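These figures come from a predicted structure and were not determined experimentally.
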Amino acid sequence: RFIWHTFKRKGFRPQKFFFFTTLSLSRKEVAELYLLRWNIETDLRDIKTTLSLAMLSAKTPDMLTKELTLAIAAYNLIRSAMTTAARAMGVSPRELSFKSCLRRIRILGCSLSNPDLHDDASMNLFTGLGDFRSLTLPKRKTPRPSEPRKKWRTGTGKFMRKSRADERTQLKTAYSE
C-alpha cells in the first residue's frame, strides 16, 4: 500500500512524506506511528553522545554486554527521574533537556555520596528533582525559516597545484627575497 501524508506542526513548515506499508492501519495512524520514530532517534542520540557510547571501550563480548547493559540502565534511570520531575511540574518529559538533567543528576549524586550530607540527602534529592523547571527546552517563538541553510564555503581555491617539493622551494624563494 502506498500512503502520502502531509505533516503540519506548529513552528515547522509542512512536510510531505510517502510511505509504503503492509500494515492495515489507517493513513493517519501510520503517519502518527512514523512521528514516534523521532523519539527513538533522539533517544539513540542521547545514548551515543551524551552518555559517550559512540565508541565502546570493551574488548570482549562479556565486557561489551556489561557496558551496554549498564549504559541502558543509567539511561532508564535518568529518564525515570525526568518523568517524575515532569509529572510534578505538569509537563511532558520530552520537554526537558536530557543533557541538562544528566548534569543535575550527577550533581545530586555527588551530594548523596558525601557522608556529611547523608541525613539531608533525601531532601536534597527531592528538591533537586523538583527544580527541573529551569531545565525545560526553550519554546520556539517564531517558526523556522522555510529556506534551506546557507552552505559554508569549501575553500579559498588556493590549493596545491604542484608537488610538495616544488611548493616548498617556491615558498623558500618567496621568503628569501
Side-chain angles (χ1 to χ4, degrees), residues 1-112 125-152:
R1 192 166 69 132
F2 177 73
I3 298 174
W4 173 41
H5 187 79
T6 303
F7 289 108
K8 295 178 183 175
R9 294 188 301 164
K10 186 178 178 184
F12 296 90
R13 64 180 178 266
Q15 292 180 317
K16 295 178 184 174
F17 284 88
F18 301 95
F19 302 104
F20 292 101
T21 182
T22 58
L23 299 174
S24 60
L25 300 172
S26 70
R27 180 175 65 91
K28 188 175 181 181
E29 289 173 328
V30 170
E32 287 174 359
L33 194 60
Y34 182 79
L35 281 179
L36 294 177
R37 183 174 179 251
W38 182 250
N39 292 339
I40 295 169
E41 295 292 336
T42 57
D43 290 345
L44 287 174
R45 180 199 61 205
D46 289 337
I47 288 171
K48 285 171 63 178
T49 59
T50 311
L51 295 179
S52 302
L53 284 181
M55 293 293 291
L56 299 173
S57 60
K59 303 221 186 294
T60 63
D62 281 343
M63 286 305 293
L64 179 68
T65 304
K66 289 176 185 177
E67 190 173 352
L68 285 175
T69 304
L70 188 59
I72 298 301
Y75 177 79
N76 287 335
L77 284 171
I78 294 163
R79 278 286 175 196
S80 175
M82 289 173 65
T83 303
T84 303
R87 281 188 187 143
M89 293 174 5
V91 298
S92 166
R94 295 280 175 188
E95 292 180 33
L96 298 176
S97 165
F98 183 83
K99 191 170 188 174
S100 299
C101 291
L102 174 62
R103 269 193 229 119
R104 177 71 56 88
I105 290 169
R106 281 183 177 158
I107 292 169
L108 292 172
C110 291
S111 69
L112 285 174
L125 184 63
F126 181 73
T127 56
L129 287 176
D131 190 29
F132 272 32
R133 187 169 301 281
S134 63
L135 306 177
T136 54
L137 294 169
K139 300 274 190 230
R140 200 175 290 282
K141 292 185 175 85
T142 58
R144 291 183 173 185
S146 59
E147 73 273 354
R149 292 187 310 181
K150 293 184 174 76
K151 292 184 179 179
W152 289 91

Looking at R94, I'd like to know if its CZ atom is crowded, meaning that more than 12 non-hydrogen atoms belonging to other residues, nucleotides or ligands lie closer than 6.0 Å. yes
Do the rings of F7 and F19 sit parallel, tilted or perpendicular, given the 30° and 60° boundaries? perpendicular
Do M89 and L96 come close enough that some side-chain heavy atom pair is under 4.5 Å? yes
Just verifying a value: how many Å separate T42 OG1 and I47 CD1, rounded to the nearest 0.5 Å? 9.5 Å
Nearest 0.5 Å, please: how far is CD1 in I3 from CD in E29? 10.0 Å
M82 and its side-chain contact (heavy atoms from CB on, under 4.5 Å) partner, picked from S97, S100, C101: C101
Rounded to the nearest 0.5 angstrom, the CG-CD1 distance for L77 and I105 is 8.5 Å
Rounded distance (nearest 0.5 Å) linking atom OG1 of T69 with atom CG of L64: 8.5 Å
Once rounded to the nearest 0.5 Å, what's the spacing between atom CG of D46 and atom CG of L53? 11.5 Å
Is it true that E41 and R37 make a salt bridge, defined as a side-chain N closer than 4.0 Å to a carboxylate O? yes
To the nearest 0.5 Å, what is the distance between CG (L102) and CZ (R79)? 11.0 Å
Heavy-atom donor-acceptor pair, T65 side chain to P61 backbone, under 3.5 Å: yes
